[in-house]
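Here's the structure, in structure tokens; my notes come after.
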Amino acid sequence: MNVMDIKKNLFKTVISEYEFGRPRYTDGVYKAIRDFSGIDTSSRILEVGAGTGQATDLFVSHGHKLDVLEVSDEQAAYLKNKYAAHAGVRVFKNYFEDYTADQEYDLIYSATAFHWIKCENGYPKAWNMLRKGGTMAVFWNVFFDMYHSGGIFDELNEIRLKYMPNETLGLPLEKIKEKRIQQITVGGCFAQPEYVEFNDRELYDTDKFIAYQKTSSSVLMLDEAAKSRYLAEVADCVRRHGGKIEVPNTVSLYLVKK
């Protein structure tokens, strides 16, 4: 198993923290995808890397049928249980790289997950699995430590670099966009995607923020002693700032048709 696959499988150990701490996606994300793609409740839709269903919920709440992929037995079992009452949701324990389907999809989407797939493999495969005119939609939460600074964020990033000195912090959003667009268009399959951005703020108390931190792959890769010290320092920082932290939450959505 390569390093990327090891990291993909880390999240099976923090399912409850993921469900509790990760930010949800605004309904505006769903509406932008629906309006661009023209999907309706008869459309065939595939979600790649559902996590605990933060994005899945958007589509289920609007009556869509979905095929959903996750890589571990634990995550797949969680999703099957969560959507047991929704007959149109089929959960598969599989890597996207290995997944095959008997029909083409009208929409393939992935929420804060497609970066775990090598772009030179993932995007051409998605192209081949879409019907002509089908849509690829990929979107990401841009986490605070990527480009926010000032006040508590300076302290939190200082703690992060203490334990994860090789982390890249402060990458401008425009650079992230350039990187994503290059990845989407790799291999010459997809053209330049349409970009839509959503901005709001998420308020965390200490417990929820620590749960959120526990779902970071970089934190999960720490040894247990270092992880414990890191989380204790982060919790202390948030408490010293009143036990609350308001995090700017940016969702970057990329839409492109076959």
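- Residues K31 and D27 meet the side-chain proximity criterion, which asks for heavy atoms closer than 4.5 Å.
- Counting heavy atoms from C-beta on, the side chains of Q75 and Y18 never come closer than 4.5 Å.
- Between E202 and the options K208, R22, K244, a salt bridge (Lys or Arg N to Asp or Glu O under 4.0 Å) holds for only K208.
- Q103 contributes atom CD, which lies 12.5 Å from atom CZ of R131 (distance to the nearest 0.5 angstrom).
- Under the 4.5 Å side-chain contact rule for hydrophobic residues, F96 and V186 do not share a cluster.
- Atom-to-atom distance recorded for R24:CZ and N141:CG is 11.0 Å, nearest 0.5 angstrom.
- Exactly one of F190, Y123, Y195, F114 qualifies for a ring-ring contact (aromatic ring centres under 6.0 Å, His included) with Y254. That residue is Y195.
- In this structure, the side chains of D106 and S37 stay at 4.5 Å or more apart for every pair of heavy atoms.
- Judged by distance alone, with hydrogens and angles left aside, the side-chain atoms of K214 form no donor-acceptor pair with the main-chain N or O of L231 at under 3.5 Å.
- When every heavy atom of I159 is checked against every heavy atom of C237, the shortest pair comes out as CD1-CB, 4.1 Å.
- P193 and T185 make their closest contact through CD-CG2, 4.3 Å (heavy atoms, listed as atom of the first residue, atom of the second, distance).
- Residues K12 and D73 have side chains not in contact (no heavy-atom distance under 4.5 Å, counting atoms from C-beta outward).
- Put simply, the side chain of Y204 reaches to within 4.5 Å of the side chain of P23, judged on heavy atoms.
- Look at R90 and D67 and you find a salt bridge, because one of the NZ, NE, NH1 or NH2 atoms lies within 4.0 Å of a carboxylate O, short of that distance.
- Interatomic distance, L46 CG to S110 OG, rounded to the nearest 0.5 Å: 9.0 Å.
- Side-chain contact annotation: T52 with Q54, donor-acceptor N/O pair under 3.5 Å present.
- In the hydrophobic clustering, where aliphatic and aromatic side chains (Ile, Leu, Val, Met, Phe, Trp, Tyr) are joined below 4.5 Å either directly or transitively, L66 groups with Y25, V29, Y30, I33, F36, I39, I45, L58, F59, V60, V68, L79, Y83, V89, V91, L107, Y109, F139, V196, F198, V251, L253, L255.
- How far NE2 of H115 is from NZ of K179: 9.0 Å, rounded to the nearest 0.5 Å.
- Using a 4.5 Å cut-off on side-chain heavy atoms (C-beta onward), S252 and I176 make no contact.
- The side-chain heavy atoms of W116 and F11, taken from C-beta on, include a pair separated by under 4.5 Å.
- Note that CG of D200 is 9.5 Å distant from CD of E246, once rounded to the nearest 0.5 Å.
- The aromatic ring centres of Y212 and F209 sit less than 6.0 Å apart.
- Note: the hydrophobic cluster containing Y78 does not contain Y95 (ILVMFWY, side chain heavy atoms under 4.5 Å, direct or indirect links).
- Considering only heavy atoms from C-beta on, K177 comes within 4.5 Å of E174 through its side chain.
- Under the 3.5 Å distance criterion, the side-chain polar atoms of E70 are matched with a main-chain donor or acceptor of A50.
- A single hydrophobic cluster is not seen to contain both F20 and I15; linkage of ILVMFWY side chains at heavy-atom distances under 4.5 Å, directly or through other members, places them apart.
- Not one N or O on the side chain of S228 forms a donor-acceptor pair closer than 3.5 Å with the backbone of A225.
- For the pair K65 (side chain) and T41 (backbone), a donor-acceptor distance under 3.5 Å is present.
- Of the inter-residue distances, the one linking M129 atom CE with K258 atom NZ reads 10.5 Å to the nearest 0.5 angstrom.
- Residues V238 and M164 share a hydrophobic cluster, clusters being chains of Ile/Leu/Val/Met/Phe/Trp/Tyr side chains in contact below 4.5 Å.
- A salt bridge links K82 with E19: the distance from a Lys NZ or Arg NE/NH1/NH2 to an Asp or Glu carboxylate oxygen falls below 4.0 Å.
- Distance alone, capped at 3.5 Å, places no donor-acceptor pair between the N199 side chain and the T250 backbone.
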